[in-house]
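One is the number of the first residue; the rest follow in order along the sequence. This is a predicted model, so every value here is computed, not measured. Each ligand, and each atom within it, is numbered from 1 in the order the structure gives.
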Amino acid sequence: METVGRELIEKYNIKGPRYTSYPTAPNWESNFSEESYKEKLVSFGQSNKSLSLYIHVPFCESRCYFCACSVLIHKSFPQNFQNEYIDSVLKEARLVQGIIGGRKKVKQFHIGGGTPSYLSVESLERLMAGISDYFDLDFESEVAIEIDPRFIDLKKLSCLKKLGFNRLSFGIQDFSEKVQESINRFHSFELVSALFKDVRKVGFENINIDLIYGLPNQTMERFQKTIEQVFQLKPSRIALYSFAHIPQVVSHQKLIKDDELPSPSVKLDLFMYARNEFEKLGYLAIAMDHFALPSDPLADAFENQSLHRNFMGYTTRPADEFIGLGYSSIGFLENTFVQNVKSLDSYFKLLKEGKLPVSRGLLLSEDDRIRKWVIYEIMCHFELDMNVFQEKYKVSFRDYFHDEATGIHDCEMAGFLKCEENMITVTTKGKMFVRNIAMVFDIYLKKDREKQVFSKTV
Ligand code: SF4
């Protein structure tokens with residue numbers, strides 16, 4: 001097992017982005033207009049580009065203390081409230097489709113949250129029927145939904161299968177009772193194990209499990225038990241995320257006691273332990289924090305270098321452009337990030353007025369696009385071919401990144417990178433610090449450090 005010295009951890013455990021987007025969200029413009037979004041939709045409509053579609057369902061019955069997602073917490077969301085939200089999402093879908101000027105084929109469809117599995121069978125059926133009125137969902141491709149094990153049963157699973165979903169993503173995080181108590185999220189292994197029997201009975205094969213390391217009261221012993229239990233469930237894909245502790249931004253994270261958090265070196269040990277166990281059991285390590293059985297499409301995407309990074313982490317890359325529907329949703333099309341309003345009242349109001357509920361966005365400059373490509377090469381493929389860069393951007397890599405030469409050299413000296421002729425390769429040790437490597441190329445971190453509020457990289 002690769003070990004990393006305490007000194008290295010102390011030096012490189014600094015605040016930095018996860019790079020699910022570049023430029024990162026704090027750098028998007030809050031005065032991004034509806035007109036600008038419309039222009040992008042029109043130009044996308046005139047192209048032959050393919051589409052990924054994301055729908056955000058923000059409902060959650062209770063707050064998990066670690067979570068930084070955009071959610072609405074309520075004891076219950078009655079059917080009439082669910083209807084109002086779905087009606088608004090469908091209104092947004094109709095507006096978007098009208099501006100695009102025709103039906104587009106959706107190569108990747110994902111419902112996330114929040115807790116999408118909180119929706120009733122009736123709501124799920126209404127939502128899917130409505131979306132199919134405006135877009136052509138490709139059921140041969142990925143049709144995925146996030147599941148909270150506390151809000152799903154056999155009836156809902158059968159409904160999801162009937163509606164054409166072919167990938168389920170379960171938020172598990174950790175099975176230890178002590179850890180669950182510290183994060184206010186309770187679901188026993190027995191409950192999830194019984195649920196997985198139903199999942200398989202219904203016929204789902206593509207199953208993701210999300211885990212988090214670095215949670216309060218997570219010890220090696222407790223985490224080992226969680227990993228053992230995950231193996232008993234045999235998911236086809238595992239995402240192992242680092243806990244992003246940013247109480248200065250996510251205020252409810254203040255409910256997590258600092259002295260209950262594992263130290264950076266224990267946190268790294270938890271990650272290394274899990275990574276080794278996953279590999280021993282036949283999972284392939286995919287980029288920074290994903291693991292997949294060889295039969296899972298993510299493994300293929302990694303092998304043939306078509307892996308992609310977006311707001312949902314690592315994905316296969318079936319589509320060129322990405323549209324988000326729903327409160328706070330994010331999209332990326334025609335080199336532009338777009339995000340919807342984060343207030344539910346504004347979301348409802350703007351749609352009632354027939355307006356797109358966009359709140360902020362960013363049209364990428366040429367420099368943004370170049371740096372985005374470099375960062376994603378490093379984060380997705382762990383290597384960068386300077387010849388490919390030169391062919392793509394008609395400029396030498398070393399000339400363009402002259403100011404970054406010291407940062408690249410520092411990463412090489414730390415053992416994170418190997419630079420040979422025209423190839424930069426991330427080492428095994430560097431894979432654990434890949435966010436630090438990516439930060440070398442992030443111009444916004446140099447421009448305005450104060451504006452950038454992120455979790456620590458380890
Ligand atoms: S982790 Fe999931 S269930 Fe918990 S608050 Fe966040 S979105 Fe809701």
Side-chain angles (χ1 to χ4, degrees), residues 18 20 25 54-77 81-82 85-86 89 110-120 123-124 127 144-153 156-157 160 165 167-189 191-192 195 207-218 226 230 235 237-247 249-256 261 289 310-313 324-330 339-340 342-344 347 455:
R18 291 181 63 233
T20 51
Y54 171 81
I55 297 179
H56 190 69
V57 176
F59 315 134
C60 292
E61 210 181 69
S62 59
R63 168 78 73 188
C64 308
Y65 297 160
F66 64 87
C67 175
C69 297
S70 291
V71 298
L72 298 166
I73 307 287
H74 230 278
K75 255 282 144 246
S76 82
F77 292 95
F81 184 80
Q82 294 187 29
Y85 187 72
I86 290 168
V89 169
H110 188 107
I111 306 186
T115 312
S117 61
Y118 189 92
L119 291 177
S120 64
S123 296
L124 287 163
L127 181 61
I145 184 165
E146 291 169 15
I147 305 284
D148 184 322
R150 298 167 296 180
F151 300 101
I152 189 84
D153 55 20
K156 225 179 262 185
L157 285 168
L160 292 174
F165 286 90
R167 179 170 289 281
L168 305 182
S169 188
F170 286 83
I172 298 294
Q173 328 314 348
D174 194 303
F175 279 122
S176 150
E177 265 178 46
K178 182 74 185 163
V179 174
Q180 292 190 358
E181 210 175 279
S182 333
I183 57 173
N184 194 38
R185 183 185 172 100
F186 306 91
H187 42 65
S188 66
F189 171 68
L191 176 136
V192 177
L195 178 60
I207 304 165
N208 299 16
I209 281 187
D210 289 352
L211 300 174
I212 300 182
Y213 67 98
L215 289 172
N217 287 310
Q218 221 170 26
T226 287
V230 167
R237 198 183 288 182
I238 301 164
L240 177 61
Y241 296 115
S242 166
F243 172 41
H245 187 226
I246 33 171
V249 182
V250 182
S251 59
H252 57 262
Q253 285 188 354
K254 290 186 184 134
L255 295 163
I256 290 176
L261 289 168
D289 46 20
N310 64 22
F311 320 106
M312 291 175 289
L325 302 175
Y327 143 100
S328 82
S329 272
I330 294 174
Q339 182 165 32
N340 278 349
K342 281 186 167 182
S343 138
L344 190 67
Y347 180 70
S455 60

Asks: Provide the number and element of each atom of ligand 1 under 4.0 Å from a heavy atom of Gly114.
Replies: 7 (S)
Asks: In the protein, which heavy atom is nearest to atom 8 (Fe) of ligand 1, and how far is it?
Replies: Cys60 SG, 2.3 Å
Asks: Tell me: protein heavy atom nearest atom 1 (S) of ligand 1, and distance?
Replies: Arg185 NH1, 3.5 Å
Asks: When you measure from atom 4 (Fe) of ligand 1 to the N, O or S atoms of Cys67, does any of those distances fall below 2.8 Å?
Replies: no
Asks: Is the closest side-chain donor-acceptor distance between Gln218 and Asp174 under 3.5 Å?
Replies: yes
Asks: Considering only heavy atoms of Asp148, which atoms of ligand 1 have at least one such atom less than 4.0 Å away?
Replies: 3 (S)
Asks: Which of the atoms of ligand 1 are close to Val71, meaning less than 4.0 Å from one of its heavy atoms?
Replies: 7 (S)
Asks: Looking only at heavy atoms, which two atoms of Pro149 and Ile172 are closest? And how far apart?
Replies: CG-CD1, 4.0 Å
Asks: To which protein heavy atom is atom 4 (Fe) of ligand 1 closest, and what is the distance rounded to 0.1 Å?
Replies: Cys64 SG, 2.3 Å
Asks: Assert yes or no for the condition that the ring centre distance of Phe59 to Phe81 is strictly below 6.0 Å.
Replies: yes
Asks: If you measure from each heavy atom of His252 to ligand 1, is any distance below 4.0 Å?
Replies: no
Asks: Strictly under 6.0 Å, is that where the ring centroids of Tyr118 and Phe77 end up?
Replies: yes
Asks: Verify whether one side chain among Ser329 and Asn340 offers a donor that lies under 3.5 Å from an acceptor in the other.
Replies: no
Asks: Take every heavy atom of Gly171, measure it against each atom of ligand 1, and state whether any distance is under 4.0 Å.
Replies: no
Asks: Any idea which atoms of ligand 1 are less than 4.0 Å away from a heavy-atom of Arg150?
Replies: 3 (S)
